[in-house]
Amino acid sequence: MSTEQPAPQRAAVLKGLGTWLPRRAVSNEELSARLDTSDEWIRSRTGIRQRFWAEPGTATSDLAVEAGARALKSAGATGADAVVLATTTPDHPCPATAPAVAARLGLGTVPAFDVSAVCAGFVYATATAAGLITAGIAERVLVIGAETYSSILNPEDRTTSVIFGDGAGAVVLEAGGADEPGALLGFDLGSDGSHPDLITVPAGGSRQRLSDTEPDPADAYFRMQGKPVFTHAVTRMGQSSTALLEKIGWEKESVDRFVGHQANVRILHSLADLLGIDRERAVVNLDRVGNTSAASIPLALGDAVADGRITAGDRVVLSAFGGGLAWGSTALVWPDITTA
Ligand code: COA
């Protein structure tokens, strides 16, 4: 009879976290001066009081490089075997943004590619990176969520302009054991393509070409049908995080922090109620940064770690939802790391 312990299952372990925001904060008052809206409406309907917008000339890769460099520094790493970048606002429709980011970070000729899952992008990119690691294809992967939503917002559309912001967040995942703090313990991912028009940029792809004879300039901007999206967001993130908890064997009450996609404080509170956890356990930073889509979860993690809402040993659930529709959740015991 052997007394040897079986080796822990290979897992992707979070080793570093970095974030970056453009310098320019845009207040509700600034938007109210040019749009038919008010600070009161925006705060009471969404919880947002400001967002950050990049200056024209700043692209998604510029934000991604800053966050990626900080995540590598936080992990004490100088290199990575792959870069997975989640974004809805790539520098160009073609090529992907990740190779340029990898090159600018001095990572050489590593595989680098974009993941497109709108606001669920960061969880999808994390799952993709975890797959590369558990399959033995990579030892260390840089995962970035970065957005320059200000580049696709219709300046005349109050329903979207007040909600979305720019920013970037990144994590470093390394091969380790499933029993280590920071190990991603499982994933629940899903999509429902039967509602493609709820969140869309209608033109600029192959369905509605920019070369159409009479293009409507408004079709090149982002659009969202807020009310039905709200309902889908609560339902899908609720189902996804519940399914994940069942999969990994965590009781709902044992969750210390729920880091949901930062779209609307009312969504986050509804989710906390649905999961039966105190609303205080739902991390909120959308008041400061707005909805930053694929950057939302790492930016929320960055703020929560910085102000002590998340500390080493906390049981943390991440859950995101966005256009597609697409959603996903993962969970980890928070590791003892210093963020940058
Ligand atoms: N300022 C003032 N009024 C506004 C406004 C604004 N910025 N935006 C919309 N309104 C108006 C609407 O025109 C509507 O007016 P009407 O009743 O005269 O038609 C009214 O406010 C209510 O609009 P509605 O869209 O029903 O508001 P809402 O309570 O659903 O809030 C959102 C809108 C977008 C904040 C909310 O639906 C939401 O957060 N949706 C989910 C977003 C999300 O989860 N995204 C995740 C994926 S990115």
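In listed order, ligands and their atoms are each counted from 1.
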Chemist: Under the 6.0 Å and 45° cation-pi test, does Arg315 pair with Trp250?
Modeler: yes
Chemist: Under the rule for side-chain contact (heavy atoms from CB on, under 4.5 Å), what residues qualify as partners of Thr159, not counting sequence neighbours?
Modeler: Asp157
Chemist: Glu147 and side-chain hydrogen bond (donor to acceptor under 3.5 Å, both in side chains): which partner among Thr292, Thr88, Thr60?
Modeler: Thr88
Chemist: Can you run down the salt bridge (charged side-chain N to carboxylate O under 4.0 Å, His left out) pairs that involve residues 168-177, sequence neighbours left out, and say none if there aren't any?
Modeler: Arg140-Glu174
Chemist: Quick one: table the atom pairs, ligand 1 N or O against protein N or O, below 3.5 Å, distance rounded to 0.1 Å.
Modeler:
from: ligand 1; atom 1: 1 (N); to: Thr37; atom 2: OG1; distance (Å): 2.6
from: ligand 1; atom 1: 3 (N); to: Trp41; atom 2: NE1; distance (Å): 3.4
from: ligand 1; atom 1: 3 (N); to: Arg158; atom 2: NH1; distance (Å): 3.4
from: ligand 1; atom 1: 7 (N); to: Thr37; atom 2: OG1; distance (Å): 3.1
from: ligand 1; atom 1: 7 (N); to: Arg158; atom 2: O; distance (Å): 3.2
from: ligand 1; atom 1: 13 (O); to: Arg158; atom 2: NH2; distance (Å): 2.9
from: ligand 1; atom 1: 26 (O); to: Lys227; atom 2: NZ; distance (Å): 3.0
from: ligand 1; atom 1: 29 (O); to: Arg45; atom 2: NE; distance (Å): 3.1
from: ligand 1; atom 1: 29 (O); to: Arg45; atom 2: NH2; distance (Å): 2.7
from: ligand 1; atom 1: 29 (O); to: Arg266; atom 2: NH2; distance (Å): 3.4
from: ligand 1; atom 1: 30 (O); to: Lys227; atom 2: NZ; distance (Å): 3.4
from: ligand 1; atom 1: 37 (O); to: Gly226; atom 2: O; distance (Å): 3.1
from: ligand 1; atom 1: 39 (O); to: Asn264; atom 2: ND2; distance (Å): 2.7
from: ligand 1; atom 1: 40 (N); to: Gly226; atom 2: O; distance (Å): 3.0

Chemist: Would you say the side-chain atoms of Arg309 and Asn285 include a donor-acceptor pair closer than 3.5 Å?
Modeler: no
Chemist: Who are the side-chain contact (heavy atoms from CB on, under 4.5 Å) partners of Arg24, not counting sequence neighbours?
Modeler: Val26, Glu30, Trp53, Glu55
